[in-house]
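Have a look at the structure below before the remarks.
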Amino acid sequence: MFNAKVYISLKEGVADPQGATIKHALDSLGFKGVNEVKTGKYFQIELNIKNKREAEKQIEDMCKKILVNPVIEKYEYEIEEIKR
Amino acid sequence: MKFGVVIFPGSNCDYDCWWAIKQVTGERVDFIWHKEKNIENFDCIVLPGGFSYGDYLRTGAIARFSPVMRKIKEFAQRGGLVIGICNGFQILLEAGLLPGAMRKNKNLLFVCKYTYLRVENCSTPFTRLFKRGQILRMPIAHFEGNYYTDQDVLSKLKKNNQIIFRYCNRKGEITEEDNPNGSLEAIAGICNKEKNILGMMPHPERCSEAILGSEDGKIIWESIVESLKDRNRGKK
């Protein structure tokens, strides 16, 4: 079994009004030195697959087919074996 | 001549489209459940607005896997007329039938109001009864209508006259204040290169009768009917 953590964020150059609004809120709360806030999505996917390479292939495929919109989003992921 | 309005789980402008088409054109309109695999007898397919699959993941991202979508792709590849309105436009983008993607509105609000639109191309089957530069009043109602694409695709859209509607002010000028969602180049509607697939955020079905405050949407349905009549004449 593997646990995949998939992180999705907006590509460079794609406006992120939510991130900008959160940054503004942090500034007004008095947090100093906040340069930029970027929002994104996070998925945790548990896979009942024995082979790590196969698990990676599946996650890659999921990202390409549905989890990510490549026009505006990019992704990265980590896969860890679950030991029970 | 037969129109088909697709119903996805979460569509909510399906009856409005049905009513507007029926009322304005008098042509036959049937609903198409999203699991339908046979759409052979239709001449124009409408993807209505709403919140298909609760807008989960991304707007339109799940609806594009509905069985009917494969058939709609084939239908469009054969030159069939497809119009996606609001969520229908978002589905067309996710399905790759139109280029680009939608971001959240720049003000992070759901915007529901009347807007002015400028007709940028009136030589499509959907806009042939408009005049170029004609100014329309049509309502929008969406959270994700902030159109985006990269420079490469944008220049292709321009070169092929694929930008069909732009948000503008009452004089037809494109200004930042009159762009309700932050959309790139104030884009409100685009079509594919072949001009048989139209996606638009404004709702023509909500302004097809005078009693609703504007009849500008009606011209889209009438244009489609004219185009289909021409096609049918060609077939005979």
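Reminder, nothing fancy here: chain letters follow the sequence lines and each chain counts from 1. Note that the structure is predicted; figures quoted are calculated from it, not measured.
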Among side-chain atoms of N169(B) and T175(B), is any donor-acceptor pair under 3.5 angstrom? no
Side chain, backbone, both or neither: which part of L57(B) has a heavy atom under 4.5 Å from chain A? both
Bottom line for N107(B): the part with an atom under 4.5 Å from chain A's heavy atoms is neither
R58(B) and E94(B) ion-paired at < 4.0 Å: yes
Using a strict threshold of under 4.0 Å (side-chain N to carboxylate O), is an ion pair present between E60(A) and K65(A)? no
Per-residue contact mode, K41(A) against chain B (heavy atom under 4.5 angstrom): side chain
Can you confirm if the aromatic rings of F43(A) and Y7(A) lie within a centre distance of less than 6.0 Å? no
